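See structure below.
If you're wondering where the values come from, they're calculated on a predicted model, not measured in any experiment.
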Amino acid sequence: TLSKKEKCSYLAVDKEDEIIGYVVPGPNLCCFLHKMHEKEEFQKKMNPDSLTHPPEFILKPRGQTVWEGKSVTLHCTVAGWPKPRVAWYKNNVLIDAKSHPEKYFTESQYNMHSLEIKKCNFSDTAEYRISALNVKGESSAFAPVIIKTPQFALCYSFHCLYGFSPEYGVTFNTTIIDKFDVSFGREGETMSLGCTVIVYPTVKRYQPEIVWYRNGVALTPSKWVHMHWSGEQAILTLVHLNKEDEGLYTLRVNTKSGFDTHSAYVFVRDADVEEEGVPVAPLDVRCHDANKDYVVVTWKQPAVEGSSSIIGYLIDRLEVGTHHWTQCNDTPVKYARFPVTGLIEGRSYTFRVRALNNSGVSRPSRASDPVVAMDPSDRARLRAGPSAPWTGMIKFTEEDPTVGVVPGPSTDLAVTEATKSYVVLSWKPPIQRGHEGVMYYVEKCLVGTDTWQRVNTGMPVKSPRFALFDLAEGKSYSFRVRSCNSAGVGEPSEETGATTVGDRLDLPSVPGPVIPIRNTDTSVVVCWGASKEVKNLVGYYIEVSVSGSGVWVPCNNKPVKGTRFVCHGLNTMDKCVFRVKAVNAAGYSGSSAESEACIVQASIGEYSVPSPPTGVTLQERVRDYMVLGWQAPAKAGGADIKGYYLDYRTVKDGVTSKWHEINLQAVTGTSYKVTDLKENVFYQFQVHAVNRAGISESSIPTIPLECKEWTVALPGPPHGLRVQEVRKDSMVLLWEPPTFNGRSAVTGYYVDYKEENGRWRCVQERSTRNTYMKVTGLQEGVSYRLRIHAKNLAGVGGPSKATDAILAETRPGTNEIVVDVDDDGVISLIFECSDLKENSQFVWSKNYEAFTDTSRLTIQTAAGRSRAIFNDPSLEDLGTYSCFVTNTDGVSASYTLTEQGESLSFNLRLLYVNCEQFSAVIPFKSEMAIELQEKGRVRFWAEVAKFTSNCQVEYVFNDNIIHEGKYTMNFNKTTGIIEMFMDLLEVTDEGTFTFNLFDGKATGRTSLVLIGEEFAELQKKSEFERAEWVRRQGPHFVKYLSFEVTPECDVHLKCKVGNIKPGTEIAWFKDGIEIEEDDEDCLCLTVPTIPQQISKKDAGVYEVKLKDERGKDKTLLNLTDAANSSTELKVMSTEHGIILYSFVVHYIEDLRVGWLHKESKISHSDRVQCGVTGEQLWLKINEPTEKDKGKYAIDIFDGKGSFKRVLDLSGQDIDLVHHRARVVGGLPDVVTIQEGKSLNLTGNVWGDPVPEVGWVKNDKPLLSDAHHTLKFEHGKFASITIAAVTTVDSGKYALLVKNKYGTEAAEFTVSVYIPEDEAEKKE
């Protein structure tokens, strides 16, 4: 044996300096080493922690891009012990491969894992994640998968995108109608987007998948986003709009056969700022890098900085479950990124941001999503879901408990962010840290010194992240970290390199040139050059200004990343300029140079390609060619159809080849001869239309057609059917002769028609040789289809392709051709079109054929009016003249000239003579008058004395022609009475109503001016009559409640009712409490014969109510003292300010009235006055200000008691006064000017709505002429210019401004003097 002293010199230690035994010299050494080896192996088995390690991805899955319809497989290799369990996720949603074997297949062998996605479609585009988990931890790897649609698929029809569904045995076709358009909302509002989705055929218990996207990212239901699918309508509701909601919204309908989509942009405008000049709220607040007591908050800068540049941002936090927001930073930060420290581990927080400039602080942004202050590894385990069963082993040792271990130094210390405001450090925890948690102390050292200063002396931080504030800008620092626990503070980490405090991220450079491109009547496409020097670009803001205004308005309130944007919501014909600025976390770049001015108007008509042609039919076929015909597109897209392109493909045993072009040059007609075909081969054909905007989608392919000789004796079908001159009882059909005539020439045509679901009927008994026919006798509001048969000697051929359903109606604004004879006897036909487009043309024809002899007619067209003038009228000019306006929705008309036994010249000149017999002015028997009818209906009427059957009436309101809709018009040509009815008179109906009559050369006009007090009184009567009519439909009071005193001094309360029935309830009330029949106090009400002496206790408000299922009515009688009978205080805006008033039932001299403002008595002054007018008690405040806001009260004392009425004047009524029309400056009191000079004065005008402006001289209105030039520009500046003034121009002038809130006049005096030398010359 060895002594203790000797044993100390033979200690054996391992790599970690732990004693593992004693070294025994001599022959027992080998035996001892063998035992030590066995002990070591045993300890390894008993302590598996020395072998286990967390999952690690040896080979990560790679992102892939594949074509739609293909399959894709993701592979990876994972190491770890114990063997990790893996799970696959799609956009953080667990993939259950066993429930969807037709879509997914997973496999795991020898630590190699794979996920196969079969037959990919667009919805499979996502971020896929594989999570590996064991007892040592969790690890994840990500791989994006992008599904692309083949480009050629976009060129073909919708039907090519859909395939047969073997699961249901059908092919689903999807159509989206009632589509949502570009939408505009304001912060705080609620917006709904919706479409109607039609899936055909309908299969029970099958519903399509409805997916909504914003900027290509799928949306999920949340607090702000609600989704609804009714089976037919898909609706997306955005609750409490914020700028984060702005973007491109897409509805995608997925079926088993394919998908269909519709997209439109949603713009969200800023809410009104609470204080003028402050910035608007920031947006898109997010949380990153959350740890135990630390999180990084980021946001995006707003589009509008306010009246001055943004100084910085304030960040607020809210602990979930509380209601108090705490400001995180005392000094505003310039960066759109801020580290928030001091969080409490395990608690959840939300954050918001406010912007600050010289004018104040903005409204707060939308709060971020909640984030938990916790260790990232714990968060990963929670996100991964339930963990694998625990497979560890509990150790029992006989050794002493583990003594606390001082943690080692942290590693990988680095500066991750450095700005003027803060510096962020990050590091990895120490390897040697014992079995308890570790915290950290951060130290800094100014470069050039050796003094280290501890930053967080009070409390160590728990997270391996730390933000340092209050560093001196421009100076350099080094940093290091010490770990600590209960055993003590460890050694410092390696120090960082020198870090200079300052912004590392520079502002973006100015974007490149801005190019606006005309798009539609309300939008412009803006393109610009990208910022060349920019890091971490957030996006671009585009601003627009009406040229010359100097006012810039943002087009987008959420930054866009591209260099092209469509600015919507512009005013047609405005001349706009644009500019762009870039933004990143450091701030805004400078604005780009202004673009060239661009007028907001459509560039090519309606800016769309035409709809596909329809009705492709075979008209003739021989051994090596076929003749095809088709119908023109229903919608030309706003421009003339330039021609058509045809494609063909062969069909053999049901298998089709690829499509091939037939013609390289566009075909102008609606038929084409396809040559060089092979006999007995089947072909399919399709047709595209083309206009200035582009090529349409293809028509529906024809059925397979065999190319072989046609041996039919009958003629082929006519083609090129088109309809014009659609009216409520007629329409005109035109067509082209058949290409194949049969064995003999075509001798005539038959026209068939049918209602939408009716049977075919022939229009005429005998065939017509014309290629047009007017179909009459139609029913208004019914849809019809038409078709043609050709006829030859062999018989009647087959029908043509039927037209689309056409509704028999006369559209509002439809004009007819009018015959006109001027004073010189020149005869002409006139046609007007109010729906004229940019490229529209008037096309005249005779008998629906183009003019061949242009010497007979002269066509003159100007400003939506075309005139066909007969050069020398004669019998040759008899026929049907028609005019068709191109590039419109079928605007056309015709006029037939017949001989009627006399020459055309004689008949037309007779018409001229008849016109001469009438006076030039159509006489009225009764001028326009107004009548108030039942239900408050208003009738305008007049009676004409002399007129012909061709007399027409034009209804005008405030110089604008009005049509059916709100108004009901009628001209009874039997009685000569013209009527116009309005169901309800509204505020917007104040103005001048006019009937204009046109009867050949004669005209007539009658007007009625309805403005001011006359209009207000009529409107009040109309509303009263309508309310009375509604009231009388149920039980009602014919006479309202009143009282009478009988000779016996009894007081009777009485009223008269009407339209009641046994079930009508009748109830009496006093002061709101129902009076029962046995109540002693109401004997005088129910049994009037019993005498009662009325006393003080009988005072009160009596009420009678009637009620049944048809309606209800009530009547009141106020039997109270004078003070208590006062009405509630009300406010009224006047020309000079506001008036507060109350009415009393009976005013007595002893009644004392006092007015209070904020509990203080109001003193009388020139600006504030009070008084009594009749039974009205009033308080008048002239030119109210902000100080006049608050609570007002009126205290009424009648000698027995007092009563108080209170009104809280919040400021809205005062604001109405500020909207009153006013002249706010610019005009002098007196102007003295020398004769011969020009005088120019400009007054600054204010008012909302924009006031009407007028000038007067010596109380007489001034009109603009060569001497006086009157202008009103931008709704703010009214100017008067007097050229070469004379003494006559001296006088008293005034600028009058008026809107609905009031009128004001700014007076000034003009004095024109003559110089002394000039005066002497005149003498």
Side-chain angles (χ1 to χ4, degrees), residues 158 173-179 195-202 232-233 606 608 610-617 629-638 641 670 689 696-697 699-700 717-736 749-765 768 770-789 798-816 833 835 848 882 884-894 963-965:
F158 174 82
N173 291 314
T174 305
T175 304
I176 300 177
I177 59 176
D178 300 333
K179 302 176 181 179
C195 291
T196 300
V197 179
I198 301 174
V199 179
Y200 180 82
T202 303
E232 291 183 354
Q233 279 195 326
E606 298 294 336
S608 62
S611 59
T614 57
V616 183
T617 56
W630 58 89
Q631 294 182 15
K635 297 181 179 179
I641 301 296
T670 56
S696 74
E697 295 182 357
S699 63
I700 298 176
H719 62 93
L721 278 67
R722 59 190 185 277
V723 177
Q724 61 187 47
E725 300 176 34
V726 179
R727 301 295 186 267
K728 64 181 181 181
D729 57 357
S730 65
M731 59 184 68
V732 175
L733 176 66
L734 298 92
W735 63 87
E736 299 293 334
Y749 302 93
Y750 290 99
V751 178
D752 295 342
Y753 76 102
K754 73 167 186 175
E755 297 178 4
E756 185 70 23
N757 298 316
R759 59 181 182 85
W760 288 103
R761 292 176 289 176
C762 189
V763 174
Q764 79 275 33
E765 296 181 357
T768 177
N770 299 325
T771 55
Y772 65 90
M773 174 170 285
K774 185 172 185 178
V775 182
T776 58
L778 305 180
Q779 296 183 17
E780 184 177 5
V782 178
S783 295
Y784 294 90
R785 294 181 183 271
L786 304 172
R787 69 182 186 186
I788 313 293
H789 298 263
S800 66
K801 183 76 174 181
T803 64
D804 294 332
I806 302 169
L807 181 65
E809 64 170 352
T810 302
R811 296 183 180 180
T814 299
N815 297 322
E816 301 293 347
C833 175
D835 193 24
Y848 298 99
S882 64
F884 179 81
V885 184
T886 64
N887 200 11
T888 61
D889 194 11
V891 176
S892 56
S894 63
H963 305 284
E964 293 279 354

Can you tell me how far the [atom1] atom of [X] sits from the [atom2] atom of [Y], to the nearest 0.5 Å?
{"X": "Met773", "Y": "Gln764", "atom1": "CE", "atom2": "CD", "value": "3.5 Å"}
{"X": "Tyr784", "Y": "Leu778", "atom1": "OH", "atom2": "CG", "value": "5.0 Å"}
{"X": "Glu232", "Y": "Asp178", "atom1": "CD", "atom2": "CG", "value": "10.5 Å"}
{"X": "Leu734", "Y": "Lys774", "atom1": "CG", "atom2": "NZ", "value": "12.5 Å"}
{"X": "Thr803", "Y": "Leu733", "atom1": "OG1", "atom2": "CG", "value": "7.0 Å"}
{"X": "Gln724", "Y": "Ile806", "atom1": "CD", "atom2": "CD1", "value": "11.0 Å"}

Between [X] and [Y], is any pair of side-chain heavy atoms under 4.5 Å apart?
{"X": "Ser696", "Y": "Pro613", "result": "yes"}
{"X": "Val763", "Y": "Asp752", "result": "no"}
{"X": "Thr771", "Y": "Glu736", "result": "no"}
{"X": "His719", "Y": "Thr670", "result": "yes"}

Check: Ser611 side chain, Pro633 main-chain N or O, donor-acceptor pair, under 3.5 Å = no
Heavy-atom donor-acceptor pair, Ser800 side chain to Ile788 backbone, under 3.5 Å = yes
Is the distance between the ring centroids of Trp735 and Tyr749 less than 6.0 Å?
-> yes
Which heavy atom of [X] sits nearest to which heavy atom of [Y], and what is that distance?
{"X": "Ser892", "Y": "Glu725", "answer": "OG-N, 2.7 Å"}
{"X": "Ser783", "Y": "Leu807", "answer": "OG-CD1, 3.7 Å"}
{"X": "Glu697", "Y": "Pro612", "answer": "O-CB, 3.5 Å"}
{"X": "Ala634", "Y": "Asp804", "answer": "CB-OD2, 4.5 Å"}
{"X": "Leu786", "Y": "Leu721", "answer": "O-CD2, 3.9 Å"}
{"X": "Ala636", "Y": "Pro610", "answer": "O-CB, 3.8 Å"}

Residues passing the ring pair (Phe, Tyr, Trp, His ring centres under 6.0 Å) test with Tyr750, sequence neighbours excluded, are none
Test ring pair (Phe, Tyr, Trp, His ring centres under 6.0 Å) applied to Tyr772 - qualifying residues, sequence neighbours left out = Tyr848
Any salt bridge (Lys or Arg N to Asp or Glu O under 4.0 Å) pairs touching residues 753-764, not counting sequence neighbours?
-> Glu756-Arg785
Please test Ile176 against Thr196 for side chain to side chain contact (heavy atoms under 4.5 Å, CB included), starting from the C-alpha separation and ending with a verdict.
-> CA-CA 6 Å; Ile176 300 177; Thr196 300; over 6 Å; no
Is atom CD of Glu816 surrounded by more than 12 heavy atoms (other residues, nucleotides or ligands) closer than 6.0 Å?
->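 More than 12 heavy atoms, drawn from other residues, nucleotides or ligands, come within 6.0 Å of this atom.
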Please report the C-alpha distance between Thr814 and Arg727 in whole Å, then the side-chain angles of each, then the deciding distance to 0.1 Å, and finally whether the side chain to side chain contact (heavy atoms under 4.5 Å, CB included) criterion is met.
-> CA-CA 9 Å; Thr814 299; Arg727 301 295 186 267; 3.6 Å; yes
